[in-house]
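Everything below concerns the one structure shown next.
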Amino acid sequence: MRIDRLLQGSAVLAITSVMVVAGSVGFGQVLDARRTAITQNMTEAVRKISVVRGSLAELTSDDRSRAAAQWHLELAQLAQIVNGLEPVDPTTRALKTRIVQEEAAVGALLSRLEASRFGVDASMISGQLDVRTASMLADVLAFNSATGSSIERQKNWALTSMGASILVLAAVIVGLIKVLQRRVAAPIGQLEQASALMGAGELDQPVVISGTEEVTSLARSFDAMRLALKKRDRRRDEFLAMLSHELRNPLAPIRNAVGVLEIADPNSAHARRAKDVIKRQMAHLSRIVDDLLDVTRVARGKIELRREPVDLAELVTELVDDHRMIADEHGLLLGMHLPAGPVWVHADAPRIVQVMTNLVQNAIRFTPPGGNVDVVLTTHEHTADIRVSDTGAGIEEKLLHDIFEPFTQGEQSIARTKGGLGLGLPIVKGLTELHEGTVTAQSAGPGKGATFSVRLPMIAGRVDAVASVQRDGRQARRGVVLIVEDNLDAAESLADLVSLHGHGTDVAFDGLTALQKIAANQPDLVLCDIGLPGMDGYELARTVRGKGMRIPLVAVSGYARPEDVRKAQEAGFDGHIAKPPDPRRIAQLLGTISAGDKRASAG
Amino acid sequence: MKRSAAAGLALILLLVIGAGVYVAAERQVAPLPIVIERLSSPHSGLVLIAEAKGYFAAEGLQATLRPEATGYIGIGSVLQGKADVAVAAETPIAKALAEGRSPRVIATIFSSQWNSGIVARLDRGIRAPADLKGKRIGYIPGTATHYMLETFLAFNDIPLASVQLVSYRPDGIVAALADGEVDAASCWTPYLTQMERRLGAGGQTFMPKDFYSEMTNLVVRPGFVKEHRDTVDRLLRALRRAESFAAEHPDEAIGIIAKASGVDAAELKGHGDPLTYELSLKQALLLATENEVRWHYRRGLVATGAVPNVLDAFETEPLKAIKPSSVTIVK
């Protein structure tokens, strides 16, 4: 039942009923007026017939001129009344016919009586007059009675119609109220309760409410919302559990390694291994945090691509080469198929690398030893298609729909041997779509491997690009890098990293000192923390820029939200690196010194 | 237990069905007998319809229908107990009353101003009513057409002394006119139409429709209503059905009446008035009967005696019970 149709139907019924009631009242009034008029006419007719009958005796006497004049007048008026009679049915029509005949007969008899010279038996005529006037009187009364009955029947019919219409109207109103109460108000009340329950966090109670089609549909949408919330809730809980597990995992070896470093000879093999452990686990932790930040930025559309012509063939080649060793370690055969020439796309190379790394690493991670992972690059008319397929764990069909949603992962054991936060694929999807591309997943089912396809639009025509050469920082010229950081360890470790790339380093632990050193030494690059004692990083940048100095300034900060990056740019920084800084990003940054570009670039 | 209950129910059912069959059979096997003398003319229209449509049997009457020559003869049969009901106009009823007899009227079944008239011979120079003066006019004494004839003469200012009235029996009047024994004759349908046919172009008919209307009634003997109320009720119910039939199927009704009266249906229909076959008891009938009782005395048609109370001749209760609106006689 749809409420709008119900309301339309009820309105039509109600209006019809009101119209019938109004019509019945009007019709009743017309009938009353008609009845009154007929009764008046009939009364008049009866009176005239009575007068004629009353004058009969006088008409048979010698002096009958007065009586004759009287009945001439009465009969003329009676004729008018009789002509005006309106029959209502066959009976009254027949009665009128007979009344007219009788009236004519009475007229003829009276005329005859008036003209009679009484050579004949006058009582024969007056006797007939007596009979005919009596008959006419009876017929006039019968006509009145039949007309009255007919009008009464019509009035009863009108009253019945009116009563029925009032009943219909009442039924419509009561029915509407009942239906609205039962099918709208009550279900909305239930919906309100369900909403309150959901507001209180109770998502297990199904919302099953029946009412009008609209209300039922609303309830179904509501339940769908509840299920979606429940699913999201479950995913969030699973994600948080997973996140804490994933964050805890690297901490244990780091703690162990720190323990080893505290007691081992710094140059011993133990210490070296401990440092390696710390390095690996730090990298792992950084990746987790990076992924978290990326997925947030993708979701909010805050990633800004630095697009340039990129040869996908070269990119895929490098990527496969980079992963060959890991594949070997996993006992997998990593295959690659490329088209003959370069495949040019307009893309942010590091982001495309991030996409493909995610897919290839997933394939490696989920494929048991002895399996295959293949990366195939093909081109179509306007698109390039990178397919990463494996012979691994495969994906359940029900999971295929949600696999690109954040926090979605296949069933995993408590041990979480496969690890990961389930953020890789959402990032892949987000980044691909930012490139106007599409990503799809296919799998024949659990244990039957999976194929992920990334399709990107190609650049029409050939592009002469210098491409990836710039990604190599080994040709950097030597420069001086000023590190501004109030945390001693952080400052020194960063300085070590920079110096390992062959650059000179200087360290300032607060903003003012940094300002002085910049002014005095004109460093090639400044890596600057934001939270500094006295003058903070932003102020330092503003001051430097205020003095017209073009020194490349890069913020290295734990404040890594998009608005933090924007704030840094507004203060005058040329770039922004999130803490802890990825050594590769540092290396890339240091490479810009070699190009002689005084404006450093960082994501 | 269940079986005996079922057997009991079956027995009760059988008894009920048996009783029903018995009552129905009783009703069917033993209907109330009634002997009706009727005119084979349109006056008996409702009786003819009820007869043709089986309404008497349907109302549980075993009706014996006998033809009568005149209403006056029929009244005689009823009063002598030879018949239960007679069909008669107000004139023979008035005559019987004037004679001191006690016919009882239970209903009017016919009223018309088209059913009787005067047929005159053109070869005797009769073209207008006034031409009847000095002529021999045939009539059937004791009938409505006798009274009608004298009213006609009075209406046309023809003194009775100026004409010669010759009485006939119904079966002789047609030939009397055709053979020229009389110059004109007053009679009712079907004799009227027979006379017209016999004279053809040589005849002239005068209808008293401008001033006269005859009424035909059902007459029973005194005490009959009281003793046979059920029979009377069934009779009136059967005639009521005939009345409804005539109103609803006028053509078929006319066909039945025309066939039984030996007249042309088209002619009957031409004079048709929807209220001709109306069941009633009207004050006009009472007045007409009183007038005609006085007429009988005045004309010396019967020996003058004690003037009867005409109102006593009308038994209004049975018809009032069946069709209240049709009874306007106040008793």
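Lettering of chains follows the sequences in order, A, B, ..., and the numbering in each one begins at 1. Hydrogens, waters and symmetry mates are skipped; everything else that's a heavy atom, side chains included, is used.
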Out of curiosity, A/Glu102 CD to B/Ser213 OG, how far, rounded to the nearest 0.5 Å?
-> 7.5 Å

Find out whether B/Phe211 and A/Arg112 are in side-chain contact, i.e. whether some heavy atom of one side chain is under 4.5 Å from a heavy atom of the other.
-> no

Greatest number of heavy atom pairs closer than 4.5 Å to chain B - which of A/Pro90, A/Ala94, A/Ala134, A/Ser135 | A/Ala94

Can you tell me if A/Arg98 and B/Gln113 form a side-chain donor-acceptor pair at under 3.5 Å?
-> no

Nearest 0.5 Å, what's the CG-CG distance between A/Leu129 and B/Leu287?
-> 12.0 Å

Would you mind reporting whether A/Leu137 and B/Gln283 have side-chain heavy atoms less than 4.5 Å apart?
-> no

Give the minimum heavy-atom separation between B/Asn291 and A/Gly127, together with the two atoms involved.
-> ND2-O, 2.9 Å

Using a cut-off of 6.0 Å, state whether more than 12 heavy atoms not belonging to A/Arg2 lie near its atom CZ.
-> yes

Neighbour count above 12 (heavy atom, 6.0 Å) for B/Glu252 CD | yes

Max heavy-atom pair count under 4.5 Å with chain B, selected residue of A/Ala104, A/Gly107, A/Ala142, A/Ala105 = A/Ala105

By a 4.5 Å heavy-atom criterion (distance strictly below it), what part of B/Ser111 contacts chain A: side chain, backbone, both, or neither?
-> side chain

Hey, are A/Ser123 and B/Arg294 close enough side-chain-wise for a donor-acceptor pair under 3.5 Å?
-> no

Taking C-beta and beyond as the side chain, do A/Gln128 and B/Met148 meet within less than 4.5 Å on heavy atoms?
-> no

So do B/Met215 and A/Val131 actually touch side chain to side chain, heavy atoms under 4.5 Å?
-> yes

Can you tell if the side chain of B/Phe155 reaches within under 4.5 Å of the side chain of A/Met124, non-hydrogen atoms only?
-> no

When the 4.5 angstrom heavy-atom criterion is applied to A/Leu141 and chain B, the contacting part is neither

Cut-off 4.5 Å, heavy atoms of chain A, and the answer for B/Glu278 is side chain

Region of A/Ser145 in contact with chain B, defined by heavy-atom distances below 4.5 Å | neither

